[in-house]
Amino acid sequence: MKNQEIAKIFYEIAYFLEMEDVKFKPYAYEKAALTLEGLERDVEEIYKKEGFEGLRKIPGIGESIAKKIEEYLKTGKIQYYEEYKKKYPINLDELMGIEGLGPKRMKILYEKLGITNLKELEEAAKAHKIAPLYGFGEKTEKNILEAIEFAKRSKGRFLLGDILPIVKEVYEKLKSLKEVERIDAVGSIRRMKETIGDVDFLVISKNPKPIMDFFVSLPGVIKVWGKGNTKASVRMKEGFDMDIRVLPRRSYGAALQYFTGSKEHNIALRKIAIQKGLKLSEYGLFKGAEMIAGESEEEIYEKLGMDWIPPELREDRGEIEAALKHKLPKIIDY
DNA sequence: GTCCG
DNA sequence: CTGGATGCGCG
DNA sequence: CGGACCGCGCATCCAG
């Protein structure tokens with residue numbers, strides 16, 4: 001099955017295009033990559049059976065991208081991609097994952113300092129060559145160094161099983177605070193994904209200050225990224241980050257929905273909202289300036305004409321179509 | 001680059 | 001010191 | 001064919 005290999009190439013093409021500030025193509029390549037990743041069928045098999053036209057029928061894949069898939073299946077290479085790799089001989093596997101370093105800055109680092117991999121990036125940062133560059137600064141340089149450490153240590157994802165006990169403990173502690181009216185753990189934890197990037201707590205409270213103080217002084221906190229009245233962010237000794245956000249009750253449902261994700265699911269929901277002449281954000285569902293839903297997830301889904309979707313299914317893999325037709329599968333509870 | 005109207 | 005532009009990241 | 005492509009917040013940097 002070559003779907004994943006091809007998807008990866010498309011992600012990298014998207015990155016190269018972003019480096020050159022090409023408009024909209026990156027989006028197209030990312031979408032194609034995403035579709036390919038989630039595709040049940042093997043593209044090679046599709047091509048064998050249905051030829052070029054078969055490829056073209058895959059959503060997000062048109063004339064040009066279909067040609068590139070064909071080229072890859074025939075020759076094992078994509079010329080367009082090879083040229084970009086030659087132009088920017090950068091180790092994207094290493095560099096793409098560094099937080100705070102995107103395509104634009106990557107391009108500058110490559111052109112001004114010749115940085116092509118993680119080791120060179122680290123050396124340049126330590127030698128303070130990065131801060132003086134246009135668009136960078138002291139702070140950015142420091143952040144890059146910290147991001148490198150983070151990438152080295154953990155690759156940025158954690159197993160649900162490893163962090164769930166810690167999260168539960170924190171959850172219980174926060175819940176017992178008298179200022180906390182309601183608390184939920186959202187994000188990929190709520191969706192029960194096997195790996196978790198970071199942990200997000202949402203809270204309803206009229207008096208956030210003590211909650212924030214408590215949160216940033218929890219045992220196991222090794223770094224406080226930031227602390228305000230509505231949001232605080234920390235790094236735990238196990239290496240993962242936790243955020244907490246305090247919200248008003250009237251938009252709590254919208255925030256639950258938004259922060260639970262997935263990203264793809266949210267985008268799909270927003271599109272549906274647009275089709276209905278509405279606007280969905282983390283603050284609520286709006287008709288013009290009027291908020292027509294926001295306190296609960298259920299009313300948001302309902303106003304969008306669909307059933308409430310269990311978090312585990314929110315991946316934009318068909319659950320939205322099913323919910324619109326009121327044909328969601330029942331999740332087996334075990 | 002792809003989709004939609 | 002401020003406002004605006006940019007890059008990046010979040011779901 | 002021409003226009004849209006999710007929408008937002010934050011940190012940072014730079015120009016004034």
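None of these values were measured; they are calculated from a predicted model. Side-chain atoms are counted along with the backbone in the values below, which use heavy atoms only and exclude waters and symmetry mates. Reminder, nothing fancy here: chain letters follow the sequence lines and each chain counts from 1.
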Task: All ring pair (Phe, Tyr, Trp, His ring centres under 6.0 Å) counterparts of A:Phe201, not counting sequence neighbours - done: none
TODO: Taking heavy atoms of chain A and a 4.0 Å limit, find me the 5'-most and 3'-most nucleotide of DNA chain C within that range.
DONE: C:dG7 to C:dG11
Open item on the list: Does A:Lys173 have more than 12 heavy atoms from other residues, nucleotides or ligands lying within 6.0 Å of its NZ?
Closed with: yes
Task: Interface residues of residues 28-47 of chain A with DNA chain D (non-hydrogen, below 4.0 angstrom) - done: none
Task: Nucleic acid contacts of residues 48-74 of chain A, taken as heavy-atom distances under 4.0 Å to DNA chain D - done: none
Check ion pair [X]-[Y] (N to O, under 4.0 angstrom):
X        : Y        : answer
A:Arg41  : A:Glu50  : yes
A:Glu138 : A:Lys142 : no
A:Glu30  : A:Lys263 : no
A:Asp93  : A:Lys8   : yes
A:Glu53  : A:Lys57  : no
A:Lys325 : A:Glu321 : no
A:Glu122 : A:Lys126 : yes
A:Glu179 : A:Lys209 : no

Solution key, residues 285-298 of chain A side-chain donor-acceptor pairs under 3.5 Å, sequence neighbours excluded:
{"from": "A:Ser296", "atom 1": "OG", "to": "A:Glu299", "atom 2": "N", "distance (Å)": "3.2"}
{"from": "A:Glu297", "atom 1": "OE1", "to": "A:Arg190", "atom 2": "NH2", "distance (Å)": "3.0"}
{"from": "A:Glu297", "atom 1": "OE1", "to": "A:Trp308", "atom 2": "NE1", "distance (Å)": "2.9"}
{"from": "A:Glu297", "atom 1": "OE1", "to": "A:Arg314", "atom 2": "NH2", "distance (Å)": "3.0"}
{"from": "A:Glu297", "atom 1": "OE2", "to": "A:Arg190", "atom 2": "NH1", "distance (Å)": "3.0"}
{"from": "A:Glu297", "atom 1": "OE2", "to": "A:Gln257", "atom 2": "N", "distance (Å)": "3.3"}
{"from": "A:Glu297", "atom 1": "OE2", "to": "A:Arg314", "atom 2": "NH1", "distance (Å)": "2.8"}
{"from": "A:Glu297", "atom 1": "OE2", "to": "A:Arg314", "atom 2": "NH2", "distance (Å)": "3.4"}

- [ ] Name the residue closer to the 5' end of DNA chain D, choosing between A:Lys23 and A:Lys139 according to the nucleotide with the nearest heavy atom.
- [x] A:Lys23
Open item on the list: Considering only residues two or more places apart or on different chains, which pairs with a residue in residues 101-114 of chain A satisfy side chain to side chain donor-acceptor pair (under 3.5 Å)?
Closed with: A:Asp21-A:Lys104
TODO: May I ask you to say what A:Glu138 touches in the nucleic acid, namely base, sugar-phosphate or nothing, with a heavy-atom cut-off under 4.0 Å?
DONE: sugar-phosphate
Open item on the list: For a quick check of understanding: with a heavy-atom distance under 4.0 Å over all strands, which category does A:Phe259 fall into, base, sugar-phosphate or nothing?
Closed with: sugar-phosphate
Task: A:Thr75: partners by side-chain contact (heavy atoms from CB on, under 4.5 Å), with sequence neighbours left out - done: A:Glu71, A:Lys77
Task: Results of side-chain contact (heavy atoms from CB on, under 4.5 Å) for A:Leu113 - residues two or more places apart only - done: A:Leu109, A:Ile115, A:Ala124, A:Lys129, A:Ile130, A:Leu133
Please produce a list of atom pairs where a protein N or O lies less than 3.5 Å from an N or O of nucleotides 14-16 of chain D.
{"from": "D:dC14", "atom 1": "OP1", "to": "A:Gly135", "atom 2": "N", "distance (Å)": "2.9"}

- [ ] Go through residues 77-116 of chain A and report each residue with a non-hydrogen atom lying under 4.0 Å from DNA chain C, sorted by number.
- [x] A:Ile98, A:Glu99, A:Gly100, A:Leu101, A:Gly102, A:Pro103, A:Lys104, A:Arg105
For nucleotides 6-10 of chain D, give me every protein contact, N/O to N/O, under 3.5 Å, one pair per line with atom names.
{"from": "D:dC6", "atom 1": "OP2", "to": "A:Tyr27", "atom 2": "OH", "distance (Å)": "2.6"}
{"from": "D:dC6", "atom 1": "O2", "to": "A:Arg270", "atom 2": "NH1", "distance (Å)": "3.4"}
{"from": "D:dG7", "atom 1": "O4'", "to": "A:Arg270", "atom 2": "NH1", "distance (Å)": "2.9"}
{"from": "D:dG7", "atom 1": "N2", "to": "A:Tyr258", "atom 2": "OH", "distance (Å)": "2.9"}
{"from": "D:dC8", "atom 1": "OP1", "to": "A:Lys279", "atom 2": "NZ", "distance (Å)": "2.5"}
{"from": "D:dG9", "atom 1": "OP1", "to": "A:Tyr283", "atom 2": "OH", "distance (Å)": "3.3"}

Open item on the list: Could you tell me how far B:dC3 sits from D:dC6 if I compare only their P atoms? Round to whole Å.
Closed with: 14 Å
Open item on the list: Tell me if a side-chain donor or acceptor on A:Asn266 pairs with a main-chain N or O of A:Tyr258 at a distance below 3.5 Å.
Closed with: yes
Task: Contact under 4.0 Å: A:Asn143 side-chain N or O vs D:dT12 OP1/OP2 - done: yes
Open item on the list: Does A:Glu45 form a salt bridge (charged side-chain N to carboxylate O under 4.0 Å, His left out) with A:Lys2? I'd like the steps, not just the answer.
Closed with: CA-CA 10 Å; A:Glu45 179 217 314; A:Lys2 297 193 173 128; over 6 Å; no
Task: A:Tyr80 and A:Tyr84 aromatic ring geometry - parallel, tilted or perpendicular at 30°/60° bounds - done: perpendicular
Task: Set of side chain to side chain donor-acceptor pair (under 3.5 Å) partners for A:Arg250, sequence neighbours left out - done: none
